[in-house]
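Quick notes on the structure that follows.
Residues: numbered from 1 along the sequence shown. Remember, it's a predicted structure, so these values are computed and weren't measured experimentally.
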Amino acid sequence: MNIDYFAEAWKKDLSELAATQEFWNMRADEFNQHGRSEDGNRSQQVIEFLADRNVLTANAEILDIGCGPGRYTLEFAKRAKQVTGLDISPNMLKHATENARQQAVDNVRFELSPWETLTLEEHGWETKYDLVFASMCPGISSSDSLLKMCRASKGACFLSSFVEREDELRDRLYQAVYGQEPANRWGKTIYYAFNLLWLSGYYPEVTYHDNEFEHAWPLTKAVELYSHQLKHMHKATQTVEGIDEKITEYLDSLAVDGIVTEKVRSKTAWLYWRL
């Protein structure tokens with residue numbers, strides 16, 4: 001297999017960007033609150049990983065792609081010279097801006113744009129950053145978006161993504177609605193990214209990390225989220241009659257005091273490479 005094979009196999013349908021923005025706007029409040037309430041172990045592990053590789057220096061300029069409410073952006077800014085946070089969601093960036101204000105962090109800037117359509121030349125971002133960082137970012141979804149990370153960096157890049165993930169409730173809900181198990185959609189990002197980087201002359205370091213976590217949503221919020229996710233996952237030409245009613249009925253039968261709980265088990269891969 002040559003690089004053209006992987007470039008052709010890994011493409012993004014840019015017509016989905018509007019739906020992607022809608023989804024992350026919907027989840028912005030939840031992600032912001034989750035970032036505040038979690039114990040910070042995962043974030044600290046990433047910080048230590050990068051610090052051990054001497055990329056979080058006082059003179060470093062860093063680009064955080066898919067920055068969300070700024071969890072990593074602000075941690076980087078406390079150690080680096082300047083950090084740019086990029087996200088597709090206006091609601092995420094509202095939280096990021098407010099979080100920066102509350103933490104009195106002033107060496108950050110936030111940019112609203114999909115990474116997939118951003119032009120490095122227009123922004124002056126060619127070989128600008130000492131670290132280009134993308135943690136669990138759906139914007140790294142094609143060979144073009146991956147290799148754009150390399151072009152923006154003059155030092156190193158970091159990419160993380162799921163290689164395995166089991167959402168117990170969502171998988172059961174999918175089967176109840178569509179009468180079949182969901183297709184395995186995890187691991188593609190890391191598989192394609194590693195091969196494209198290797199064939200491009202880079203030698204990415206790979207580490208794996210196991211995680212378990214839990215989500216809890218009010219019933220109405222859970223219906224909204226799962227309806228969006230299931231319709232995105234199921235791209236068959238035929239439609240299912242009354243899908244929203246089926247989702248509501250199923251989740252209502254599982255809710256406890258109006259709260260729907262989802263348990264997730266996953267394995268995440270971190271790719272780190274130098275330019």
Steps toward side-chain contact (heavy atoms from CB on, under 4.5 Å) verdict (T119, W125): CA-CA 8 Å; T119 304; W125 287 3; over 6 Å; no
NZ/NE/NH1/NH2 to OD/OE distance under 4.0 Å, [X] and [Y]:
X    : Y    : result
R53  : E205 : yes
R170 : E262 : no
E121 : R151 : yes
E75  : R79  : yes
K231 : D244 : yes
R265 : E164 : no

Are [X] and [Y] connected, step by step, through hydrophobic side chains (Ile, Leu, Val, Met, Phe, Trp, Tyr) whose heavy atoms are closer than 4.5 Å?
X    : Y    : answer
V177 : L225 : yes
L93  : W24  : no
Y202 : V132 : yes
L120 : L159 : yes
L271 : L50  : no

From CA spacing to verdict: side-chain contact (heavy atoms from CB on, under 4.5 Å), N91, R27: CA-CA 9 Å; N91 291 356; R27 299 197 69 181; over 6 Å; no
How about [X]: does its [atom1] atom have over 12 heavy atoms from other parts shown lying under 6.0 Å from it?
X    : atom1 : answer
E249 : CD    : no
K78  : NZ    : yes
N2   : CG    : yes
K154 : NZ    : yes
K94  : NZ    : no
Y208 : OH    : no

State, to 0.1 Å, how close [X] and [Y] come at their nearest heavy-atom pair, and which atoms those are.
X    : Y    : result
T261 : L169 : O-CD2, 3.6 Å
S153 : D130 : OG-O, 4.1 Å
M149 : C157 : O-SG, 3.6 Å
S89  : N25  : OG-OD1, 2.6 Å
V55  : A156 : CG1-CB, 4.0 Å
N107 : A80  : ND2-O, 3.0 Å

Please tell me if the side chains of [X] and [Y] come closer than 4.5 Å, counting only heavy atoms from C-beta onward.
X    : Y    : result
S161 : K188 : no
C67  : Y72  : no
E116 : S141 : yes
R165 : V264 : yes
L56  : I62  : yes
W270 : Q45  : yes
K12  : D144 : no
Y203 : R274 : no

So, taking the atom named [atom1] in [X] and the one named [atom2] in [Y], what distance separates them when rounded to the nearest 0.5 Å?
X    : Y    : atom1 : atom2 : result
D29  : M92  : CG    : CE    : 9.0 Å
N32  : N99  : CG    : CG    : 4.5 Å
I65  : I140 : CD1   : CD1   : 4.5 Å
L197 : L147 : CG    : CG    : 7.0 Å
K11  : S143 : NZ    : OG    : 8.0 Å
L196 : S142 : CG    : OG    : 9.0 Å

Test side-chain contact (heavy atoms from CB on, under 4.5 Å) applied to M136 and F162, step by step: CA-CA 7 Å; M136 314 303 289; F162 292 115; 3.4 Å; yes
Plane angle bin for W198 and F194 - parallel if under 30°, tilted between 30 and 60°, otherwise perpendicular: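 It falls in the parallel class, under 30°.
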Plane angle bin for F133 and F158 - parallel if under 30°, tilted between 30 and 60°, otherwise perpendicular: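 Rings of F158 and F133: parallel, under 30°.
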Check whether [X] reaches the backbone of [Y] with its side chain - one donor and one acceptor, N or O, closer than 3.5 Å.
X    : Y    : value
D252 : T248 : no
W115 : S145 : yes
K221 : M26  : yes
H228 : E224 : no
K128 : H123 : no
E61  : Q82  : no

Intermediate values then yes/no, side-chain contact (heavy atoms from CB on, under 4.5 Å), Y192 and L146: CA-CA 10 Å; Y192 287 141; L146 173 74; over 6 Å; no
Check: W10 ring centre within less than 6.0 Å of Y191 ring centre: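 No, they do not, as the ring centres are separated by 6.0 Å or more.
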Among Y250, F23, W217, ring pair (Phe, Tyr, Trp, His ring centres under 6.0 Å) partner for Y226: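 It is W217, the one option of Y250, F23, W217 that forms the ring pair (Phe, Tyr, Trp, His ring centres under 6.0 Å) with Y226.
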Positive for side chain to side chain contact (heavy atoms under 4.5 Å, CB included) with S227, one of L173, L251, I247: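 Between S227 and the candidates, side chain to side chain contact (heavy atoms under 4.5 Å, CB included) is satisfied uniquely by I247.
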